[in-house]
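Scroll down for the structure; my scribbles are underneath it.
Residue numbers begin at 1 in each chain, while the letters A, B, ... track the order of the sequences.
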Amino acid sequence: MALLTVAGLRIAFSHRGGSTEVVRGVEFAVEPGETVGLVGESGSGKSLACRSIIRLMPAHATMTASKVEFDGRDVLAMSAKELRDHRAHSVGMIFQDPYSCFDPTMRIGEQVAETLRVNAGLEGDAAKARALELLESVDIASPEQRFRAYPHELSGGMRQRVMIAIAISASPKLLIADEPTTALDVTTQAQILGLIEQRRRESGMAVLLVSHDFGVIAQACDRVVVMYGGYVVEAGPVAEVCARPQHPYTRGLLSSIPSLESAGRRVRRAGIPGQPPNPADLVAGCPFADRCAQVRPACRELHVALEGVGDGHVTACPYVRDGVPVTNAGGSR
Amino acid sequence: MLAYTARRVGVSLVQLLGLSFLSFMLIHFVPGNPIATMLGPRATVQEVARISASLGLNKPLPEQYWLFLGHLLSGHFGQSITFSQSISSLIGQRLVPSLALIGYGTLVALVIGVPLAIVSALRADTSVDHGIRIFTTVSFAMPIFWSGLILGIVFGLKLGWLPVSGYGTGFWGIVRSLTLPAVALGLSLLAVIVRTLRSSIRHVMALEFVEAVRARGFTTSRVFVSHVFKNAIMPTVTVLAVNVGFLIGGTVVLEQVFQIPGLGTLLFQAVEQRDYPLVETLTVLAGSVVVLLNLSTDILQAVVDPRVRPGAHSV
Ligand SMILES: Nc1ncnc2c1ncn2[C@@H]1O[C@H](COP(=O)(O)OP(=O)(O)O)[C@@H](O)[C@H]1O
Ligand SMILES: [Mg+2]
C-alpha cells in the first residue's frame, strides 16, 4: 500500500480581485522507501504540492483535495493536534534556501535541541547529547563547536546538513526535500544529495525530492512526477520517462538538462522557448499549449487528464506519442 | 565586539560635547538674563555689575563655557543661581519623581501596546486591526497636556478615583499620584509601539524560517514566543530608546499639569528664572540619557542579533 496518496489537490490564493488557482487537480503517490522526484520549472506548483502533505499553507491559500492519505491516515481530517504530531513525527521537511530557514538569533545546536525537547520529549543534557549525535550523523565536523555557532557563521552546505539533521531527528517515514540543492554549488549539491540518499538507505524512509533540474531527478529518483502550470503532465518510472518521454513539456525539460562536456564545463542545451505561464492567465485547455511546438487547435479545449501509456507511465498529452503526432487522436476517444 | 563598542562610545562622547555646546549657546541667546530676573527692573548698574562678577557672568563666553564643562565633568555641576543650592543636590531631590513617571509611563505603554500589537499583527487587515489603529492614532494625535487634563477631570475630579495633583508618599501613594500622568504619557507612546511591533511581527512571520519551524510541528504559541517575538522585538526596543527624548519632553509638560515636583518642574522654573547653569546642566543631563540609551540599545542589539556584530563572517 502506498505510503502517501494525494489526489484531486487544488490550491488557490485569494486576493482583492477574487482568487487564482495555482494547483489544479494534482495527483501523485509515494511508496514506502522509494525516492520520488517532483520536477518542473519554477512556478509550476511543486512547493505548494509538497506542502499539502503536511497542510502547511501560506497565508491566503486555500487547499482542497479529494484525498491526502499518509500511512493509512486521512491528513485532511486531522485535528490541529494530530496535524502537529504528523508534522513532528511522520514527515520531515528541508527547504530550498538553507540561508534563510534558521532562526537567525538562535544558536544552531539550540535549534536542533529545541526540536528534540519539543518533539521527542528529551530534556536538558539528553537533548544536547542527542543533538550532537545528530550533527555528527550528517557529517558535521567538530559538532561541539558548530553547536554554538549562529546560522550565519555556517556555510550553505553545512546549514543544509543541519536542516537534514533536524528533519530526520524523529525518524520520519517521509522526507520532503524542496529544492534542497538549488542554492548550493555543484560539489556541495552532490554531497547533500549523497547524504540524503545514504540516510534513506539506512532508515528506509521515503524521499520526495523537488527540483527544477531533471538531471538531479534522473540521478536520484525511482519515479518522477512532472508538473507544469499547476498540473501533473507526466509521471512514471524515471528510467522509462527519460527513455520514452511522452509529453512535449517533459521532452523540453529533458533536452535542457545541463550536461557535463569537455573539460567539465557546464553547458546548458537548448531549453524550452518562452516563459512559464502566469497562473492567473491560464484558461481552459492544455497549460503548455502556448509554448508547444506540436500544438493543435484541439489543445485549447483539452480537458487535462492523465492517461496510461503502460507500466505506471502516464501522460496528459493525448496527441503526441514518442514525439510523433497521433493523427486520429481525440476523435476516436 | 570590543572595537565596535569603543567606536560607538567615541561617537557618543562627541554627541555629548556638541550637546553641551548647543545648550550653552541656546540659553545664553534667549532674551533676558538671571540678574535682571532676580533684581527686577530697578536695579542699579553697580548692583548688576557686582552680582554679575560674583556669578562669573562678566567673563567672556568661551571662558564661561570652559568653566561649565569643568563643572559637568567634576560631577557636582556647580551652584544654581536662583535656588542658592548646589545643582547636584537639587537634581537629587527632583530625580525620583521624574524617573518614576517615565518608567511608569513606559510600562503603561508596553502593557497596553504589546498585546495590541500582537493582536493587530495576527489579525492584520481585519476590523480589529483597524479599530486598534484608530485608537492608537487618536491617542497619539492628542496633545499630551490635553489627554492629561481630560484624564484628570474624568478620573480625578468627576470620579474621584485618583489624585489630580501633587506627589504622594510611600510606594502606593507615589503610584496613585503618578497613575494619571503615566497613563497620559503611555497613551502618547502607544501608537509608536503598536505600529513598530505590529510591522516587525508581520515581517518576521513572513520569513522562511517561520515556515520551517511550523513544519516541525511546533504549536502556534511556541512558534510565536520562541521564534517570532524574539526576532521582532528589537526594533521596538530601539524605537523606545529613540523616544526617550520625547518622553522627557512629555514629562516636563505633565509635571506642570499634575504639579509633580520633578526635574521637569525644575527645568521649567530654571528657564523662567534664566538660571543659566541649572538650565544648561538639566539639558545636558536629559540629552545624556538619550545618548546613553541609544548607545546601550546599539550594543544590546549586537548582543541579541549576532549578525549586527561587525566582523561577523562565515567560517
Ligand atoms: N504566498 C503566495 N502568495 C501568492 N502566490 C503564491 C504564493 N506562493 C506561491 N504562489 C504562486 O503559486 C504558484 C506555484 O508556486 P510554487 O508551488 O512555489 O511553485 P514551484 O515550487 O514549482 O516553483 C506560483 O505561480 C506562485 O506565484
Ligand atoms: Mg518551489
Given heavy-atom pairs under 4.5 angstrom as the criterion, report whether the side chain, backbone, both or neither of [X] touches chain B.
| X | answer |
| --- | --- |
| A:R55 | neither |
| A:D85 | neither |
| A:I166 | side chain |

[X] and [Y]: which non-hydrogen atoms are nearest, and at how many Å?
| X | Y | value |
| --- | --- | --- |
| B:A212 | A:C101 | CB-O, 3.6 Å |
| A:R84 | B:T219 | NE-CG2, 3.3 Å |
| B:A215 | A:F95 | CB-CZ, 4.0 Å |
| B:F209 | A:P104 | CE2-CD, 3.8 Å |

Under 6.0 Å from the [atom1] atom of [X], do we count more than 12 heavy atoms belonging to anything else shown?
| X | atom1 | result |
| --- | --- | --- |
| B:F140 | CZ | no |
| B:H130 | NE2 | yes |
| B:E208 | CD | yes |
| A:H60 | NE2 | no |

(message) Working note: B:H227 + A:E114, criterion side-chain contact (heavy atoms from CB on, under 4.5 Å); need CA distance, chi angles, decisive distance, verdict.
(response) CA-CA 11 Å; B:H227 297 279; A:E114 183 192 29; 2.7 Å; yes
(message) Rounded to the nearest 0.5 Å, what separates atom CZ in B:R216 from atom CG in A:N119?
(response) 9.0 Å
(request) For each of A:I54, A:V91, A:V118, tally heavy-atom pairs with chain B at distances under 4.5 Å, and name the one with the top tally. (result) A:V118
(request) Just give me the residue among A:M93, A:R87, A:M163 that pairs up with chain B most often, heavy atom to heavy atom, under 4.5 Å. (result) A:R87
(request) Sort B:T220 into side chain, backbone, both or neither according to what part of it lies under 4.5 angstrom from a heavy atom of chain A. (result) neither
(message) Set out, in order, the CA-CA distance, both residues' side-chain angles and the distance that settles side-chain contact (heavy atoms from CB on, under 4.5 Å) for A:M106 and B:S226, then state yes or no.
(response) CA-CA 10 Å; A:M106 204 186 236; B:S226 169; 3.8 Å; yes
(message) Is there a side-chain contact (heavy atoms from CB on, under 4.5 Å) between A:D103 and B:K230? Walk through the geometry before answering.
(response) CA-CA 10 Å; A:D103 183 338; B:K230 204 176 98 206; 4.3 Å; yes
